[in-house]
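One structure is given below, encoded as structure tokens.
Only this structure's heavy atoms are used, side chains among them; waters, hydrogens and symmetry mates stay out. Quantities reported herein were computed from a predicted structural model and do not represent experimental measurements.
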Amino acid sequence: MTMNRSHRIVVNWGHLALLAVIGSVIAAYLLDTRATSLRVNNLLFVQPAALIGLLLVLLVVPQCFRRRPAGAEAEPAQPLSHLAKAAGLMAALVALALSMERIGFDVATFCFLLAALRLCGERNWFVNLGYSAVFTAILIYGYGTIIPFPFPLTIL
Amino acid sequence: MLDLASIQGAFDLLTSSASAWVFVIPGLLIGLFFGSMPGISITMAMAIFLPMTLYMDFLPAIIFLTAIYTGAGFGGSVPAVLMNIPGTSSAVATTFDGYPMARSGRHNEALGVALAASVTGCLASYLLLLFLIVPVSSVVLKMGPLEMSAVAIWGMLLLGSLSGNSLPRGLLAGVFGLLLGTVGMNTAGYVRGTMGVPWLLDGVPTIPAMMGLLAASQLIGLVNTKYLIEDEGSRKISFAKIIGGFRLSLSFPTIILRGSLIGVIIGAIPGVGSSISNLLSYSETKRNAPDGDSFGRGNPKGVAAAEAANSSSEGGAMATMLALGIPGGGATAILLAAFATHNIVGGPSFIANSKDIVYAIILSNFAQALLLLGVGLGFVYLAGYIVRVPMRFLIPSVLVVAVFGSYAIDGTISGPITLVVFAILGWAMVRYDYPVAATVVGLLLGSLVEGNLLRTWQISGGDPAYALERPGALLIFALMALSIGLTAWSARRRRRAAIPAAGSG
């Protein structure tokens, strides 16, 4: 089969990276399961399911490569600023989850709200500060009365 | 089937004192409020108020707890529709069409459909329970691990029907979820995939993972959106439209009846319950509907199917709990604990000796379902205002509520960390057109499938002929094959119908 020279291959790197993550997790899980024990009671379900999963990863990989006619216009890509906002929000969320027990739920929540409101488009700092403070207080006292576990707090 | 003398006794118990009724509306309101709070499960709501019941008589205590159960069952659909957050695992399928309806400005209608389906599903389940409590309990007692596996595999087949545009991506999402659902210690005692993290021994925390995959990931994707509903005119809160949705739901009697039946039967199976029944009902409705292709894009039939099944699961779970003394899940376990605090042991002897109390509980649930209609209408009217909040406030607020909710499950940081990991994974999966719902279903079913397959393996000694000795399992497998055949047939019928339409267009 000859390759048509009027086409070029476009690689969807993001999709490929996601498949690499899923494939690596499945492979690592299979190896860990096999390292635990090779008895049927351990492998009965995980081994066939993992092998099917890896097979499916291989089936999906070709979908990351698309042929496009050489003269065709590229599909309109999402602006980088949109991706940066999503990445910023994810980073803020990671920071919230990792810091809430260390710096207190109140401080971590307030800082997260401050950053996230700004990222989501709230330009007025007074509104931002006021909303973050009030919402943090409502959340801490509201959840505090409902749930039976104590929150580590720094200020409230 | 019906013991009329006991029913008369139940009426006497319920009408002799107001104490049985005083706690119904507070119970419903507590349930609605807690059910609509992401991360606060039905079980947690009931557990928090369990100590209060120590100071009540037995019947009011149980009625109070079942009112919380009923309210929370519907309450979970409010964040599912408005925020794509299934408050509990039983509201997962509600998000599939409820949230797309909300995003297209049909939030009033979606909430009305959900409320009507919940109320009718709940009524239908208790009606069935009234007649079938004795036969259902005898059937449930005969279910073995192979039958349980068969039900779970039936659930697994949903993965295919829940897939998006690419079947391999749908299956990969599902298999990935199933594998993640088996992380931790399996029933044979083998520990896998924990990476040395102690809290993963019990497996990936399901509720935070679900919240991350379905809700937080979507919210991150909406970071550049100004309002949940872009069209300003569609953002109105309309009581008339809620009632319109209510009426619309009642025009799907077959869907609601099927959902109720699936809910009662699956709800009666211990350990399976409403988390699978809503998915099964959704899938069966999608398969049989002539407009099945529009499911997942805001079809009210999907909301009705899911809500009818998850509400009717309550009746099924109560059947097992009352007749056998076996809790089907966390909520019925708390009810059994309330039985114990009043020195009453649930099970066959209780049903034999106290039929009047059993019927009183069932009859009071009829009243609760009807009261939910009024209380729920007011509640969804207020909750509907969420679509008018700008996204720049809604996204950070809901994310932080979800993080708190995930912490509230067991009071450790495992919930927030799980939520964040699955939010990022879910965002990437949505971006590349993977059905995250399939991963969620896999997560819910992973350990269940593995555990039951292991037990079947141990009982049968690895002999496949064992399946022939289990007619119940064979029947479930036959039903499964039938439903797959019907799916293929209905897809073919839709394709044939589409060809002339395309030709004439």
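Of all the listed residues (B/I220, B/L179, B/L454), the one sharing the greatest number of non-hydrogen pairs under 4.5 Å with chain A is B/L179. Of all the listed residues (A/V25, A/L119, A/V40), the one sharing the greatest number of non-hydrogen pairs under 4.5 Å with chain B is A/V40. Your options are A/G53, A/G142, A/A50, A/G14, and the one with the most heavy-atom pairs under 4.5 Å with chain B is A/G14. Most heavy-atom pairs under 4.5 Å with chain B, from the set A/L139, A/L113, A/T33: that is A/L139. Put simply, of A/L18, A/N42, A/L89, the one with the most heavy-atom pairs under 4.5 Å next to chain B is A/N42. Put simply, of B/I424, B/I413, B/I417, B/I395, the one with the most heavy-atom pairs under 4.5 Å next to chain A is B/I413. Of the listed residues (A/A97, A/A17, A/A35), the greatest number of heavy-atom pairs within a distance under 4.5 Å of chain B belongs to A/A97. Per-residue counts of heavy-atom pairs under 4.5 Å with chain B were compared for A/I52, A/L98, A/V46, A/L59; the largest is that of A/V46.
Counting only distance, with no hydrogens or angles, the side chain of A/D32 and the backbone of B/G193 share a donor-acceptor pair below 3.5 Å.
Between A/Q63 and B/P168, some side-chain heavy-atom pair lies under the 4.5 Å cut-off. Inter-residue side-chain proximity for A/N41 and B/Q458 is flagged as met; some heavy-atom pair is nearer than 4.5 Å. The closest side-chain heavy-atom distance from B/F393 to A/V127 is below 4.5 Å. Put simply, the side chain of A/L44 does not reach to within 4.5 Å of the side chain of B/E450, judged on heavy atoms. Inter-residue side-chain proximity for A/L83 and B/R431 is flagged as met; some heavy-atom pair is nearer than 4.5 Å. By the 4.5 Å heavy-atom criterion applied to side chains, A/F45 and B/N452 are not counted as neighbours.
Residue B/V421 does not touch chain A at all, counting heavy-atom pairs closer than 4.5 Å. Residue A/L93 touches chain B through both its backbone and its side chain, counting heavy-atom pairs closer than 4.5 Å. Residue B/M195: no heavy atom, backbone or side chain, is found under 4.5 Å from chain A. With a 4.5 Å cut-off on non-hydrogen atoms, A/N12 touches chain B through its side chain but not through its backbone. In this structure, the portions of A/L117 lying under 4.5 Å from any heavy atom of chain B include both its backbone and its side chain.
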Carefully, step by step, assess A/C64 and B/Y432 under the rule side chain to side chain contact (heavy atoms under 4.5 Å, CB included).
CA-CA 10 Å; A/C64 301; B/Y432 298 110; over 6 Å; no

Worked verdict on B/V401 versus A/F135 for side chain to side chain contact (heavy atoms under 4.5 Å, CB included):
CA-CA 10 Å; B/V401 166; A/F135 198 81; 3.9 Å; yes

Check the pair A/L56 / B/F176 against side chain to side chain contact (heavy atoms under 4.5 Å, CB included), numbers first and verdict last.
CA-CA 10 Å; A/L56 286 165; B/F176 190 45; over 6 Å; no

Go through it in stages, so that I can follow the logic: the residues are A/L19 and B/Y434, the test is side chain to side chain contact (heavy atoms under 4.5 Å, CB included), and I'd like the CA-CA distance, side-chain angles, deciding distance and then a yes or no.
CA-CA 11 Å; A/L19 278 176; B/Y434 286 80; 3.3 Å; yes

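With values rounded to the nearest 0.5 angstrom, A/C120 atom SG is found 7.5 Å from B/L399 atom CG. Note: B/R392 CZ to A/R118 CZ = 12.0 Å, rounded to the nearest 0.5 Å.
When every heavy atom of A/T36 is checked against every heavy atom of B/R192, the shortest pair comes out as OG1-CG, 4.2 Å.
Using a 30° and 60° split on the angle between ring planes, A/F151 and B/F404 fall in the perpendicular class, above 60°.
Side-chain rings of B/Y407 and A/Y143 stay apart, their centers remaining 6.0 Å or farther from each other.
Residue-environment remark: CZ (A/R39) stays at or below the threshold of 12 foreign heavy atoms within 6.0 Å.
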